[in-house]
Undergrad: 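Just dropping this structure here.
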Amino acid sequence: MSRPVPVLLMAHQLGPGGTERQLTEVARSLDPARFQPHVACFVDGSRGDELREAGVPILRLPLKSFLSPAAVTCGFGLGRYLRERRIQIVHAFDYPMVCFGVPVAKLARTPVVLSSQRADRALNPSLYRRMQRVTDHMVDGIVVNCEAMRRHLMKDERVAPGLIHLCYNAIDVEHFSPGPGDAGGICVIGVVAVLRAEKGLETLLEAFARLRPAGMDLRLVLVGSGAELPRLQTLAASLGITARCTFKPATTDVVGNLRGIDIFVLPSLSEALSNSLMEAMACGCAAVASRAGGNPELVVDGETGLLFEKGDAGGLAACVQSLVDDTELRKRLAAAGTRKIREQFSLRRSVRQMEEIYESFLRHGCDAPFAENVSARG
């Protein structure tokens, strides 16, 4: 029986972010008969604990600046690790590791080197964006997490279509699931997100200020931490909604917070495939999202939620008002959204997609023992 293929997944840090969670889920869920996962990072964290509990080895590269002498030391350390463990696939999940890990892996002659595109490159520092463009000519493939990112790479970055491979984000649909029914008489509108400018949360506050109660007690809840918090709190006060608006810091109890939200709103100005939107839909929230990035791939307008034009507070207010006024519509869209996530975005389905991508490369360029392991599956 052939041995599993060693694969190294890389991310800048192993904290609570969406990219880090996707990497962790892939590493823990790859078929152990076919793949032997390893993980590399610059900064360890809570996801690292989860990986170690699952028996996944972690290479910590103590690098804080690409311009420091440590960059050379870490580069040699990564190259040595790749050779000694006979790593056959390197897959960088975020832009710092794409810029660092891809060139090192190519110099180490790793058979398959992949990068990722999980957000619009315009959000990255300009130097990193230029470096990513260089790596586009080094990698064997780029894995994107939604069709919107595929279009972005082809249109804005002029990446050849054949280089791009789709593997949707996924969530654990057993963990993220609907809870008890609503509290009656109260309608909670909310969001769980990092409070960054590209999330467009001021649009949500402005829309909430326009809503008519329609016999219900309307509440707004924003769960998350980030640089935008002071500005959003000031805006809430100027709109006169502070008494009905609650700001909660980021928490590990994401499911508990989502189950307390009736209408989940994601007003992003820029988005790829939102983990928080998928989680909300899986937990039974009625979803309202901007027509940004991959949001329309999750929210089919009038079927699994409602869409509005990004930055349009009036359009958002109209969407939310229709769900406040029509309880049956809200329940129908919420149920359809939950079904869509469970059927199309489960963790199992996503990991199988990633395995198929890895195996497609191994079939064409791997050492004989590993190639036999792949081709044996037909």
Undergrad: Can a side-chain donor-acceptor contact be found between Asp325 and Gln321 if the only test is distance below 3.5 angstrom?
TA: yes
Undergrad: Below 4.0 angstrom, N of the basic side chain to O of the carboxylate: do Lys199 and Glu271 qualify?
TA: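 Result for this pair is yes, salt bridge flagged.
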Undergrad: Please check if Leu63 and Leu127 belong to a single hydrophobic cluster, counting links between Ile, Leu, Val, Met, Phe, Trp and Tyr side chain heavy atoms closer than 4.5 Å.
TA: yes
Undergrad: Does Glu343 pair with Lys340 as a salt bridge, N-O distance under 4.0 Å?
TA: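 Here Glu343 does not pair with Lys340 in a salt bridge, since their nearest N and O are not under 4.0 Å apart.
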Undergrad: Between Glu53 and Arg28 (salt bridge meaning N to carboxylate O under 4.0 Å), is one present in this structure?
TA: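 Arg28 and Glu53: not salt-bridged.
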Undergrad: State yes or no: do Val139 and Val90 share one hydrophobic cluster built from I, L, V, M, F, W and Y residues joined by side-chain heavy-atom distances below 4.5 Å, directly or via other members?
TA: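 No, it is not one cluster - the side chains of Val139 and Val90 are not joined through contacts under 4.5 Å.
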Undergrad: Can you establish whether the number of heavy atoms outside Arg348 located under 6.0 Å from its atom CZ is more than 12?
TA: no
Undergrad: Does a donor on one side chain sit under 3.5 Å from an acceptor on the other, for Tyr168 and Gln344?
TA: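 No, because no side-chain N or O of Tyr168 sits under 3.5 Å from a partner of the opposite role on Gln344.
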Undergrad: Ring centroid separation for His91 and Phe361, is it under 6.0 angstrom?
TA: no
Undergrad: Looking only at heavy atoms, which two atoms of Ser65 and Ala71 are closest? And how far apart?
TA: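 Shortest heavy-atom contact: O-CB, 4.0 Å.
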Undergrad: Just one of Val265, Val320, Ile189 clears the side chain to side chain contact (heavy atoms under 4.5 Å, CB included) bar with Leu220, so which one?
TA: Ile189
Undergrad: Atom CZ of residue position Arg52 - does it have more than 12 heavy atoms of other residues, nucleotides or ligands inside 6.0 Å?
TA: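 For Arg52, atom CZ is crowded (more than 12 foreign heavy atoms under 6.0 Å).
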Undergrad: I'd like to know if the side chain of Thr110 reaches the main chain of Gln88, judged simply by a donor and an acceptor atom lying under 3.5 Å from each other, with no hydrogens or angles considered.
TA: no
Undergrad: Salt bridge between Arg47 and Asp49, side-chain N to carboxylate O under 4.0 Å?
TA: no
Undergrad: Does a salt bridge link Arg34 with Glu355, judged by any charged N lying under 4.0 Å from a carboxylate O?
TA: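 Between Glu355 and Arg34 there is a salt bridge, with a charged N closer than 4.0 Å to a carboxylate O.
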Undergrad: Counting C-beta onward and ignoring hydrogens, is there a side-chain heavy-atom pair between Leu266 and Val288 closer than 4.5 Å?
TA: no
Undergrad: If two hydrophobic side chains count as joined below 4.5 Å and joins carry through other members, does Leu59 share a cluster with Phe35?
TA: no
Undergrad: Side chains of Met154 and Ile164: does their closest heavy-atom pair fall under 4.5 Å?
TA: yes
Undergrad: Centres of the His12 and Phe93 rings: under 6.0 Å?
TA: no
Undergrad: Quick one: does Lys106's side chain get under 4.5 Å of Asp140's, heavy atoms only?
TA: yes
Undergrad: Measuring from atom CD1 of Ile87 to atom CG of Leu8, what distance do you get when rounded to the nearest 0.5 angstrom?
TA: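 These two atoms lie 5.5 Å from each other.
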Undergrad: Give the intermediate values and the outcome of salt bridge (charged side-chain N to carboxylate O under 4.0 Å, His left out) for residues Glu303 and Arg339.
TA: CA-CA 11 Å; Glu303 295 182 18; Arg339 284 195 302 273; over 6 Å; no
Undergrad: Check whether any side-chain N or O of Ser29 sits under 3.5 Å from a backbone N or O of Val26 as a donor-acceptor pair, and report yes or no.
TA: no
Undergrad: Ion pair present between Glu309 and Arg291, side-chain N to carboxylate O less than 4.0 angstrom?
TA: yes
Undergrad: Under the criterion side-chain hydrogen bond (donor to acceptor under 3.5 Å, both in side chains), I'd like the reasoning laid out for Asn275 against Glu279: C-alpha separation, chi angles, the key distance, then a yes or no.
TA: CA-CA 6 Å; Asn275 290 307; Glu279 291 165 357; over 6 Å; no
Undergrad: Are any of the side-chain heavy atoms of Leu30 and Tyr358 separated by less than 4.5 Å?
TA: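 SC-SC contact between Leu30 and Tyr358 confirmed.
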Undergrad: Under 3.5 Å, is there a donor on one side chain and an acceptor on the other for Arg349 and Gln353?
TA: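 No, no side-chain donor-acceptor contact under 3.5 Å.
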Undergrad: Answer yes or no: is there a donor N or O on one side and an acceptor on the other, between the side chain of Asn257 and the main chain of Asp253, under 3.5 Å?
TA: yes
Undergrad: In terms of hydrophobic clusters joined by side-chain contacts under 4.5 Å, are Val39 and Val104 together?
TA: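 Each belongs to a different hydrophobic cluster.
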